[in-house]
Amino acid sequence: MEKQSRLLCSELCVQSRLYEVTLNCAILAWKDIQIAKKHTGRAIYGAVKAGSYCVPVCEIIAVQEKEDDSPCKNTGKWQKVPQSPADSCQHAFTVFYVERTRQHCWWCNNVTFHCSEHSLCLLWVQTIREQLALMTNRPKSLLVYINPYGGKQRGKQIYDHKVAPIFSRASISTDVIVTERANHARDHLKTEADLKKYDGVVCVGGDGMFSEIMHGLVSRMQQEAGVDENSIEETLMPCGLRIGIIPAGSTDCVCFATVGSNDPVTSALHIVVGDSQPMDICSVHNEDRFLRYSVSLLGYGFYGDVLTDSERKRWMGPARYDISGVKTFLSHRYYEGTVSFLPAEGNLGTPRDKMQCRTGCSVCRQSSSDKLVGKNEDSVSDAECQDTWTVIRGKFLAINAASMSCACPRSPKGLSPSAHLADGTTDLILVRKCSRLDFLRHLLRHTNKDDQFDHSFVEVYRVKQFRFTPRYQECDSEVDLRDSGATGKRFLSQICREHRACGCMPSQSNWNCDGEILPHTAIQVRVHCQLIKLFARGIEEQQVFEDPYTHCAI
Ligand SMILES: Nc1ncnc2c1ncn2[C@@H]1O[C@H](COP(=O)(O)OP(=O)(O)OP(=O)(O)O)[C@@H](O)[C@H]1O
Ligand SMILES: CCCCCCCCCCCCC/C=C/[C@@H](O)[C@H](CO)NC(=O)CCCCC
Ligand SMILES: [Ca+2]
């Protein structure tokens, strides 16, 4: 690695000890001069040398000149005679920076450097600010929507106490809207908001609130570009504005799967440093009508029923999902229908390859370059690829499409642990009718390290498009065929007629689309690769890489 040229190097005091402080365009480093002398010539193992510290410049939040509070400040009272260089440092500046703590959480730490000359202090502040100004990926102006009723109804409090002070420290200006009704944020973004004023939109709430913001932005983009959202064939226009998520909901799986934690401070810091994580979006249609977009889970059967039941228990807050989860599990309902899908091709891996999507994911990067050259833009017309569709008919306890892992505190590795955030595919998981005990085993594997796909009644496919038709609608279409004189369907038609007579029509579930119930059960779904971007970087590997020159984590 080429050594970066130094911008500044001075002897400054930190907590009354003298440090050699250096700044280059990548790293701010400070090392205790006495400790460094003591250890000269001796190798020290570990990520950071004793008495040596460093921060990548891209993780500095802000720098501020500080009213001096060093022990030698001229207060007009009795002062001790300066005995060490530290005693004569009368001017100070504070650097605020990202520090990693437990489990992908970040917090804002700070260090104050004391200098003997005011001009030196100003030079440091100015030079660091100049370096920060070069980071054009950082937002300066944000539009913030707060759902005051999401999760445990603490959205406003979380924003005011934990997030606003960080934005203000980083000199980010904000327009804040506390929503007054469901879909307030979506409608405002779609029709009113002056988006040119902002570098990003921040959502304070859960997956439902994120979904509102995403719908508002995506629909606004399509309107402006004249793209018809109702047509599943259309190539959608990607959104330029990034979305930041401050988790304050019940599941918060979009935040958890893109950042690695549900911590509001961590999310705020990812926004400040200007992270960018592209993300796939599924468009869901019924015939020629657009229904909704989905980024996380499209679930029929188990997850549809959990959601339907839990909506009646909203007053319980996040606990509603546990109660409805147990109730739905005990009811053990299965549903009949036909799933057809277009499998993903190329180097997109498989849902069981254990290649988890992490910061800088190579699979997602490949999809990004394929997208640039138009390689994965499959404006597939039904007629063209009729024979590449796979058709599966059966009785299912659950049909789940996970466009990302859907990791969340309830299921730390998620519904599909190897699903990718930005590869242009969704993992279609079919759980066929099985015993209660087997289904329980499968569900419990979402909460531990065991492979939830390693069951004879579970199949999983990586797909770009899929369709579902519930059994009773298949019967209906056959009734139509019969009425119009078509033959060869007598047997099925007979079954449908019998069901009507005995009143035991096959039951139907609802689709859970990122926590919203869809109004239709027959749906067609297409994945749109990297349609939006979040202020996130995906989940970081735990391993820390060390800069050989500064011993800095990079
Ligand atoms: N002011 C408001 N009053 C009522 N509902 C609102 C308001 N603002 C937003 N909503 C709606 O509240 C719903 C739930 O919000 P949110 O997603 O923030 O929390 P949650 O449902 O508890 O969490 P999760 O979606 O993670 O399970 C969203 O679908 C959103 O449309
Ligand atoms: C007998 C009980 C066994 C329990 C098994 C636990 C399995 C947990 C898997 C969790 C998967 C979450 C997927 C995320 C879906 C979100 O888009 C959606 C909106 O927030 N949340 C739910 O639908 C909420 C879904 C909550 C499901 C419990
Ligand atoms: Ca995906």
Side-chain angles (χ1 to χ4, degrees), residues 1-66 68-72 83-102 104-117 120-132 134-135 266 269 272-273 359 540-554:
M1 195 189 298
E2 203 174 293
K3 200 165 179 173
Q4 309 273 0
S5 62
R6 273 179 186 176
L7 296 168
L8 285 176
C9 178
S10 312
E11 291 191 356
L12 306 175
C13 289
V14 179
Q15 291 181 336
S16 302
R17 287 183 74 90
L18 202 55
Y19 282 75
E20 182 191 76
V21 188
T22 53
L23 176 73
N24 63 38
C25 56
I27 280 162
L28 169 71
W30 59 106
K31 68 172 182 233
D32 186 311
I33 289 176
Q34 280 171 333
I35 296 181
K37 273 186 194 151
K38 226 161 72 188
H39 289 290
T40 309
R42 268 206 278 149
I44 294 170
Y45 298 99
V48 179
K49 274 185 183 174
S52 290
Y53 307 88
C54 65
V55 179
V57 174
C58 61
E59 292 185 2
I60 293 179
I61 302 302
V63 55
Q64 245 171 35
E65 205 184 338
K66 193 173 192 283
D68 187 54
D69 57 358
S70 71
C72 48
Q83 294 186 343
S84 70
D87 291 341
S88 59
C89 296
Q90 296 187 18
H91 306 277
F93 63 94
T94 303
V95 176
F96 299 87
Y97 60 94
V98 168
E99 191 168 273
R100 284 162 180 76
T101 59
R102 69 202 152 86
H104 308 288
C105 282
W106 290 7
W107 75 294
C108 184
N109 201 352
N110 66 77
V111 54
T112 298
F113 298 100
H114 296 264
C115 335
S116 50
E117 301 290 326
L120 183 63
C121 187
L122 285 182
L123 178 66
W124 270 92
V125 172
Q126 193 187 337
T127 313
I128 295 174
R129 286 204 179 132
E130 279 165 8
Q131 291 308 300
L132 296 185
L134 294 176
M135 292 175 189
T266 305
L269 293 170
V272 168
V273 302
T359 304
E540 289 184 302
E541 300 283 359
Q542 292 286 11
Q543 189 186 356
V544 170
F545 299 99
E546 195 183 318
D547 181 309
Y549 295 101
T550 60
H551 298 268
C552 215
I554 52 173

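In this chain, numbering begins with 1 at the start of the sequence shown. Here the structure is a predicted model, which means the values were calculated and not measured.
Here Arg100 pairs with Glu59 in a salt bridge; the nearest charged N to carboxylate O distance falls below 4.0 Å.
Within the 4.5 Å cutoff, no side-chain heavy atoms of Tyr97 are placed close to those of Leu28. In this structure the side chain of Glu541 never reaches within 4.5 angstrom of the side chain of Thr359, judged on heavy atoms. Residues Val63 and Trp124 are not in side-chain contact: their nearest non-hydrogen atoms beyond the backbone lie 4.5 Å or more apart. Proximity of Arg17 to Ile35: side-chain heavy atoms (C-beta onward) are separated by under 4.5 Å at one or more points. Proximity of Phe96 to Val272: side-chain heavy atoms (C-beta onward) are nowhere separated by under 4.5 Å.
Using bins of under 30°, 30° to 60° and over 60° for the plane-to-plane angle, the ring pair Trp30/Tyr53 lands in the parallel bin.
To the nearest 0.5 angstrom, Leu269 atom CG is 5.0 Å from Ile61 atom CD1. Considering CD1 of Ile27 and CZ of Arg6, their distance stands at 12.5 Å, rounded to 0.5 Å. Between atom SG of residue Cys115 and atom CD of residue Glu11 there is a gap of 12.0 Å, rounded to the nearest 0.5 Å. Note that OG of Ser10 and CG of Leu123 are 7.0 Å apart. Values are rounded to the nearest 0.5 Å. Interatomic distance, Thr112 OG1 to Leu12 CG, rounded to the nearest 0.5 Å: 11.5 Å. Atoms CD and OG1, from Glu65 and Thr94 in turn, are 10.0 Å apart once rounded to the nearest 0.5 Å.
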Query raised in the report: Stepwise, does the side-chain contact (heavy atoms from CB on, under 4.5 Å) test hold for Val21 with Val14?
Result: CA-CA 10 Å; Val21 188; Val14 179; 5.6 Å; no

Report task. Report the C-alpha distance between Lys66 and Phe93 in whole Å, list the side-chain angles of each, state the deciding distance to 0.1 Å, and finish with yes or no for side-chain contact (heavy atoms from CB on, under 4.5 Å). Result -> CA-CA 5 Å; Lys66 193 173 192 283; Phe93 63 94; 5.7 Å; no

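Closest non-hydrogen pair, Cys121 versus Ala92, comes out as SG-O, 3.3 Å. The two residues Ile33 and Glu20 make their nearest non-hydrogen contact at CG1-N, 3.6 Å. Among all heavy-atom pairs drawn from Leu18 and Cys13, the shortest one is CD1-SG, 3.8 Å. Shortest non-hydrogen contact noted between His91 and Ser116 is CD2-O, 3.4 Å.
Exactly one residue among Ile60, Asn109, Val111 makes a side chain to side chain contact (heavy atoms under 4.5 Å, CB included) with Val55. That residue is Ile60.
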